[in-house]
Amino acid sequence: MEYVDLRSDTVTKPTPEMREAMAEAEVGDDVYMDDPTVNKLQEKAAEMLGKEDSLFVPSGTMGNLLALLVHCQRGDEIIVGEKSHIYMNEAGGSAALGGIHSRPLKNQSDGTLLLDEIRDAIQTEDVHHTITRLICVENTQNVCGGVPLSLEYMQAVGKIADENNLLFHVDGARIFNASAALKVSIKDLVAPADSVMFCLSKGLVAPVGSMLVGTQKFINRARHLRKMLGGGMRQAGILAAAGLISLEKMTTRLEQDHIRAKKLSEGLKNIRGLVLDAAEGTSTNMVYFNLGDEVKLSVNQIVDEMKKRDVLVDWAGPRRFRLVTHYWVDDAGVDKALQALKDVMI
Ligand SMILES: *Cc1c(COP(=O)(O)O)cnc(C)c1O
């Protein structure tokens with residue numbers, strides 16, 4: 001069965017070229033730092049992002065957690081978006097495992113946190129207060145529509161961090177999508193940040209894994225904590241081999257996913273009962289829309305009806321959907337999804 005799978009870019013299975021590279025990968029024990037393929041991946045990721053070093057981690061969640069654990073002491077505070085993955089979707093790991101206090105700020109519809117609100121949230125020295133240690137931003141901001149945060153914004157946040165002696169972490173699960181959409185080099189985009197996490201396993205199509213990037217000292221400590229969390233992997237070169245293809249070949253084709261998402265959102269505008277968030281959904285590989293009040297179908301019924309037509313979609317709220325384009329969705333797939341939705345929404 002050939003489904004058009006628009007549930008997420010995490011569903012991307014490895015390409016035949018990746019499977020071949022995985023089968024042939026030179027490997028060693030990566031806990032001894034002996035795996036040449038992992039080492040190559042880590043060097044390449046650091047070089048591409050313009051940072052000193054990087055670490056291959058099993059998931060984006062572990063990458064973000066490691067960043068927070070390295071940057072913060074127990075009782076320290078992070079400034080973070082209320083709609084961020086770190087705050088909403090990482091099972092409270094920073095609090096549970098790091099004793100780290102979160103200061104959630106409102107995400108604007110363009111994904112940003114207001115600069116004034118960041119400044120105001122920084123704690124003054126007082127026996128009553130936590131110590132503000134870190135600012136986290138998410139780029140692209142998933143829940144706000146997969147919106148990319150501009151170079152100017154990243155630089156402005158970096159400046160606030162510098163002026164206040166704070167650290168700056170970027171949850172860049174889809175930072176290469178941001179770079180492609182903004183037409184800004186990845187190095188420039190992350191230059192203001194002390195650390196960056198990005199996912200190989202999403203639009204970059206690798207089966208498993210994320211990268212944590214930063215200074216040598218930061219990565220050395222993160223490697224130690226990765227072992228503590230049980231994330232020390234042995235012949236991980238099998239996975240890193242796919243990640244290398246992600247970096248070499250997949251980072252340069254993301255614009256195609258963005259063009260298809262745009263095509264999808266244009267088509268959705270012509271389907272009765274769907275209300276697109278005008279500003280949202282069209283800048284990278286995600287399209288969000290709501291069901292109009294007149295629509296009697298539930299989101300679950302729509303999911304089921306779409307599946308019968310060989311299109312997989314997932315709801316993002318009681319009346320809300322998110323569709324995501326990726327490597328395995330071609331133009332015919334977009335057309336098929338639009339036709340199926342047209343049929344279902346009658
Ligand atoms: C997917 C994602 C992560 C981490 O995901 P894992 O599933 O743990 O790899 C982190 N941040 C954002 C914004 C994400 O979309």
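For ligands, and for the atoms within them, numbers begin at 1 and follow the listed sequence. We number each residue from 1, following the sequence as shown. For clarity, every value in this text was computed on a predicted model and none was experimentally measured.
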Worksheet item: Any chance the rings of Phe321 and Tyr288 have centres within less than 6.0 Å?
Response: no
Discussion item. Side chains of Thr130 and Gln123 only: does a donor on one sit below 3.5 Å from an acceptor on the other?
Written reply: yes
What donor-acceptor contacts under 3.5 angstrom involve side-chain atoms of residues 338-346, with partners at least two apart or in another chain?
residue : atom : partner : partner atom : Å
Gln339  : NE2  : Asp343  : OD1          : 3.1

Worksheet, complete the sentence: Taken in chain and number order and not counting sequence neighbours, the residues that satisfy ring-ring contact (aromatic ring centres under 6.0 Å, His included) with Phe168 are none
Worksheet item: At a 4.0 angstrom heavy-atom cut-off, what protein residues surround ligand 1?
Response: Ser59, Gly60, Thr61, Asn64, His85, Glu90, Glu138, Asn142, Asp171, Ala173, Arg174, Met197, Lys202
Item to complete: Keeping the roles fixed (side chain from Lys51, backbone from Ala193), state whether a donor-acceptor pair exists under 3.5 Å.
Response: yes
Practice prompt. Please list all pairs passing the side chain to side chain donor-acceptor pair (under 3.5 Å) test where one or both residues lie in residues 208-219, with sequence neighbours left out.
Written response: Asp53-Gln216
